[in-house]
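Bear in mind the structure is a predicted one, so any value in this text is a computation, not a measurement.
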Amino acid sequence: MTETNVRQFEGFDHVIVGAGTAGCVLANRLSADPERNVLLLEAGGKDNYFWIRIPIGYLYTMNNPRTDWCFSTEEEPGLNGRALDYPRGKTLGGCSAINGMIYMRGQARDYDQWRQMGNSGWGWDDVLPVFRKSEDHIHGGNDTHGAGGEWRVEDQRLSWEILDSFRQACVEIGIPATEDFNAGNNEGAGYFEVNQKRGIRWSAANAFLHPVRHRPNLTVLTKAQASRLTVAEGRVTGVDFRLDGAAAHASAQREVILATGAVGSPHLLQLSGIGPGRLLREHGIDVVHELPGVGENLQDHLQIRAVYKVTGAKTLNERANSLVGKAGMALEYALFRRGPMTMAPSQLGVFTKSDESRETPDLQYHVQPLSLDRFGEPLHPFPAITASVCNLRPDSRGHVRLTSPDPEAKPSIRPNYLSADTDRQIAANALKLTRRIVGAPAMQKHEPEEYVPGAHVASDEDLARAAGDIATTIFHPVGTCRMGPDDMAVVNDRLQLRGLAGLRIADASVMPTITSGNTNSPTIMIAEKASEMMLADG
């Protein structure tokens, strides 16, 4: 920083950058040791916004600069030239304050693969106790689930006849019903469990941060946007940031921990001169430490949103498009904390295989009793459902790269959706499978009519192209600072930056491969393991 009168924050053992999902966990666990002084920096504001607490408030927190970074992707060839909004939480609690609240761990296979890739301590048997440690499951603890932890997991507080029919249709074509997606193999159809507490969103800030804000060794600063890591003699020593617009610096006696996510963490590293040398030099940034993998390996789940008109069962379209319906929903929530205002964006889940050669499910459905052209637009005036399906393990890889040395400039986000031929084929297979489900007897009583992409789209090539027209992100970016033993890895399996001391990364960016499901709770697990490692290291 060139400004004079830079405000100094000193005497901290740990400086955590980002008070999102991971940062809240880290702040809780590290400050539990009274001998450690912890500083938590959050670029966004406090999480006291009305719509954060109400589950359906994600409609008003995404694409809202008060709570969202409001990123967008580049125009994507695989999406036929479309760019997508790319919500990332910008408030205490981060993405857990604006996301779909679905509790999902992924598959045992995911973590065993991480271990097989050379990441010791990250197999399923290693991470299952960590998941259980945080969990407070509504039905109590057992060998798979935890009770008494901070991360509340509850059943949804509503049901829909049309979704029950979809579930039965899955059973009729050979997809089993399930009551638990989180036991290691998530195959089956069932209702998602959610991170709510009696009908109120339960964010990482609610769970991990607010209960310990009183600790004298924990300092939390909001409106504190990191601009650069400082490095001296081969060690990351602190963070330059803007606090309410004024220059500030925080030094860390032990470690700086990045917890700014799969977009924020690689971007901050690159701004600090840590990353691919050619990219940094192109933008006039001195190369402090060359790490070619910073910002590469971006993976995300792309959901293909097929819409079907239905009859003979209520959907949210009718209720939300009626003043009486809206009033009824508000009253039901106010009196009982139940009904559509408690809705996660998706209620029914299905995990299955795109073809029988797969070892475990590689498709996930998020089925919704509603339809709309795109998020932020009104619901359709006719009763309909949306059967969104995503490839859980895409082969396409993208990147996050800075566009300017100015920390305020947004990075370039290019997921390269559907760039791999395998992903295009799986997209076509997924749409054909959706038609099989909807064609089963349990759904036929509702006279389903394919509205999007339309029954006239038939060939695999046309289905893949149609997927590019109707698909959107399901908000699961990971992998841009991946862990591993090779030259393209950014951190080792203890989440320490390769080649520089004093820095760890503990967020979804360290995943070597994306988990087979929603990524918020795996991020909590990563932060739990990171804190255990730091406490063990002294």
Check: Asp493 main-chain N/O paired with Trp122 side-chain donor or acceptor under 3.5 Å: yes
Test salt bridge (Lys or Arg N to Asp or Glu O under 4.0 Å) applied to Asp486 - qualifying residues, sequence neighbours left out: Arg482
Set of residues satisfying ring-ring contact (aromatic ring centres under 6.0 Å, His included) with respect to His301, sequence neighbours excluded: His476
Donor-acceptor contact below 3.5 Å, side chain Arg213 vs main chain Val220: no
Residue pair Leu84 / Leu79, side-chain heavy-atom distance below 4.5 Å: yes
Test item: side-chain donor near acceptor, Thr403 and Ser412, under 3.5 Å: no
Asn520 and Ser96: side chain donor to acceptor below 3.5 Å: no
Polar contact flag, side-chain donor to acceptor under 3.5 angstrom, Asp395-Thr422: yes
Polar contact flag, side-chain donor to acceptor under 3.5 angstrom, Arg105-Tyr103: yes
Distance-only donor-acceptor check, side chains Thr480 and Ser509, under 3.5 Å: no
Taking every non-hydrogen atom, the tightest pair across Val491 and Cys481: CG2-O, 3.7 Å
Test ring-ring contact (aromatic ring centres under 6.0 Å, His included) applied to His145 - qualifying residues, sequence neighbours left out: His137
No-hydrogen, no-angle side-chain donor-acceptor test under 3.5 Å, Ser251 and Glu10: no
Option among Phe351, Phe192, Phe475 that satisfies the ring pair (Phe, Tyr, Trp, His ring centres under 6.0 Å) test with His366: Phe192
Between Ser396 and Asp423: side-chain donor-acceptor atoms closer than 3.5 Å: yes
Main-chain N/O of Gly45 paired with Thr91 side-chain donor or acceptor, under 3.5 Å: yes
